[in-house]
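Everything on this sheet refers to the single structure shown next.
Per chain, numbering begins at 1; letters A, B, ... match sequence-line order.
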2 protein chains.
Amino acid sequence: MPHKQPPGRPIPDIVVGRLPFYLRTLRSLAAEGLEITSSSELGDRLGLTSAQIRKDLSYFGEFGKQGLGYNISFLIVQLRRILKVDRIWEVVLVGAGDLGRAIANYHGFHDRGFEIRFVFDSDPAKVRQSLSQYTIQDIASLVEKVRAAKIRVAMLAVPAAAAQNVSDLLVEAGVQAILNYAPTSLVVPKGVYVQNIDPGAHMQRMTFYLEA
Amino acid sequence: MPHKQPPGRPIPDIVVGRLPFYLRTLRSLAAEGLEITSSSELGDRLGLTSAQIRKDLSYFGEFGKQGLGYNISFLIVQLRRILKVDRIWEVVLVGAGDLGRAIANYHGFHDRGFEIRFVFDSDPAKVRQSLSQYTIQDIASLVEKVRAAKIRVAMLAVPAAAAQNVSDLLVEAGVQAILNYAPTSLVVPKGVYVQNIDPGAHMQRMTFYLEA
DNA sequence: CACCAATTGAGAAATGTATCACAATTGAAG
DNA sequence: CTTCAATTGTGATACATTTCTCAATTGGTG
């Protein structure tokens with residue numbers, strides 16, 4: 001039973017977006033000591049229907065056993081491979097303000113496939129200071145160092161006004177994926193992926209539903 | 001020309017989710033000194049089609065002028081009203097670790113309709129310490145204080161293992177909207193809205209598209 | 001005042017996504 | 001060895017969202 005690995009059908013991006021949550025939930029089930037789960041158990045935990053989970057997984061192969069369900073550790077291996085986090089990606093963090101500090105101190109990324117390699121800031125008062133295990137480096141040296149280290153993934157935690165300029169530097173340095181914490185839209189060339197984190201937008205999305 | 005304010009059609013949630021980005025972009029246009037914009041200018045800035053922006057706005061009323069476009073400050077007022085951020089919502093923040101500290105020090109929420117009123121933590125070493133302008137309070141007093149202050153919105157910045165317990169407390173205290181920074185799914189009763197922030201999931205969504 | 005370029009709002013059509021429903025399979029129980 | 005309950009994977013269907021298209025409107029120009 002061959003795994004349809006190089007997907008014939010194009011994978012909807014919305015499906016890709018759910019896979020990290022499947023992986024997260026599976027790891028939590030594994031941590032609880034379970035070995036087997038089912039699409040309905042996953043669905044219950046995630047607030048999705050079992051059919052959706054089965055259909056999503058079916059884009060990538062046949063990972064379950066009829067009558068039995070899914071082997072948790074096997075499915076974890078498959079999802080890590082599919083998401084390409086069966087390795088560690090070196091990441092550059094730009095911005096050493098409060099948010100950058102929280103990111104640098106947060107150790108939850110490693111488990112998910114990411115390791116911060118460099119931290120940059122433009123503030124001369126911060127450059128050469130240490131932050132967690134890192135020494136903050138001058139943003140003037142970003143392009144050179146990031147390119148030399150072949151780093152392809154970045155986290156952007158600078159003020160909105162600086163974000164586009166820094167993004168341009170990252171792209172120039174060869175970065176292909178940017179997690180943008182600044183509340184502004186970035187313009188990047190094709191082939192560069194951006195994901196935006198905007199807590200304020202999430203908040204406003206919720207207040208819409210609250211009665212006055 | 002009456003504004004269809006109490007929407008006859010139900011509004012798709014995905015449309016609601018885009019409105020905060022429209023508002024954010026409009027404020028940025030206003031800050032640049034512009035007074036008028038068009039659906040295509042907004043679309044260019046946001047990476048969306050002009051048709052989608054017009055259709056989204058049309059769920060709520062007729063805000064533009066044919067041939068001319070949209071009056072920026074008028075549309076800002078309308079969107080703030082629609083999203084119910086034409087006021088300030090008091091927010092409770094739970095968790096005074098690195099992330100909680102970054103949130104408490106971040107002043108960008110106020111402009112978007114939110115003001116932190118209380119900060120809670122369960123760590124006795126942190127309780128009664130100050131954080132930004134706040135005094136960290138014991139989580140044991142959360143239900144009482146949040147209920148008394150009639151706070152309806154929360155930000156949850158505690159470790160994943162504690163998140164569900166804290167969420168239960170928030171719900172008990174009458175909170176109806178929770179921004180969950182913990183990488184775990186929360187179970188809440190109907191009528192309580194949750195938005196999840198999971199940077200690790202965004203990262204994994206991007207690596208899917210990177211070539212090995 | 002007639003014409004024109006720009007632009008909206010919205011019905012219709014096209015596309016995308018989620019759910020349904022069920023044959024096929026599995027392992028367990030009798 | 002047969003039966004059964006559980007569960008997958010997927011084609012068909014239903015539903016949701018986006019895009020297309022264009023009549024209507026606007027303010028500016030000659």
Nearest whole Å is fine: how far is [N] [atom2] from [X] [atom1]?
X     : N      : atom1 : atom2 : value
B/F63 : C/dG9  : CZ    : C1'   : 12 Å
B/I36 : C/dA5  : CD1   : C1'   : 17 Å
A/Q78 : D/dT8  : CD    : P     : 16 Å
B/I11 : D/dA16 : CD1   : C1'   : 14 Å
A/D56 : C/dA18 : CG    : C1'   : 9 Å
A/D13 : C/dA18 : CG    : C1'   : 16 Å
B/I53 : C/dT7  : CD1   : C1'   : 14 Å
B/L19 : D/dT17 : CG    : P     : 13 Å

Exercise. So with a 6.0 Å cut-off around NZ of B/K145, is the heavy-atom count from everything else above 12?
Worked result: yes

Taking the side chain of [X] as its heavy atoms from C-beta onward, which of [options] lies nearest to it?
X     : options                : result
A/K65 : C/dT26, D/dT10, C/dT19 : C/dT26
B/R54 : D/dG11, D/dA24, C/dA10 : C/dA10
B/S38 : D/dT10, C/dT8, D/dT8   : C/dT8
B/P12 : D/dT17, C/dG27, C/dT17 : D/dT17

For this session: Mind checking A/S39 for me? I need base, sugar-phosphate or nothing, with any heavy atom below 4.0 Å counting as a touch.
Result: sugar-phosphate

Exercise. What does A/S50 touch in the nucleic acid at a heavy-atom separation under 4.0 angstrom: a base, only the sugar-phosphate, or nothing?
Worked result: nothing

Exercise. Does a donor on one side chain sit under 3.5 Å from an acceptor on the other, for A/Q164 and A/D168?
Worked result: yes

Would you say [X] places a side-chain N or O within less than 4.0 Å of OP1 or OP2 belonging to [N]?
X     : N      : answer
A/Q52 : C/dA18 : yes
A/Y70 : C/dT26 : no
A/T49 : C/dT19 : yes

For this session: Please check if the side chain of A/S50 supplies one atom and the backbone of A/G43 the other of a donor-acceptor pair under 3.5 Å.
Result: no

For this session: Select from A/I14 and A/G67 the residue whose nearest nucleotide in DNA chain C is closer to the 5' end of that strand.
Result: A/I14

For this session: Kindly indicate whether a cation-pi arrangement holds for B/K84 with A/F208, taking the cut-offs as under 6.0 Å to the six-membered ring centre and within 45° of the axis.
Result: yes

For this session: Only counting residues at least two apart or in another chain, list the ones meeting side-chain hydrogen bond (donor to acceptor under 3.5 Å, both in side chains) with B/R45.
Result: B/E32

Exercise. Any donor-acceptor pair under 3.5 Å between the side chain of B/Q66 and the base of C/dT8?
Worked result: yes

Exercise. Mapping A/A51 and A/G69 to their closest nucleotides on DNA chain D, which lands nearer the 5' end?
Worked result: A/G69

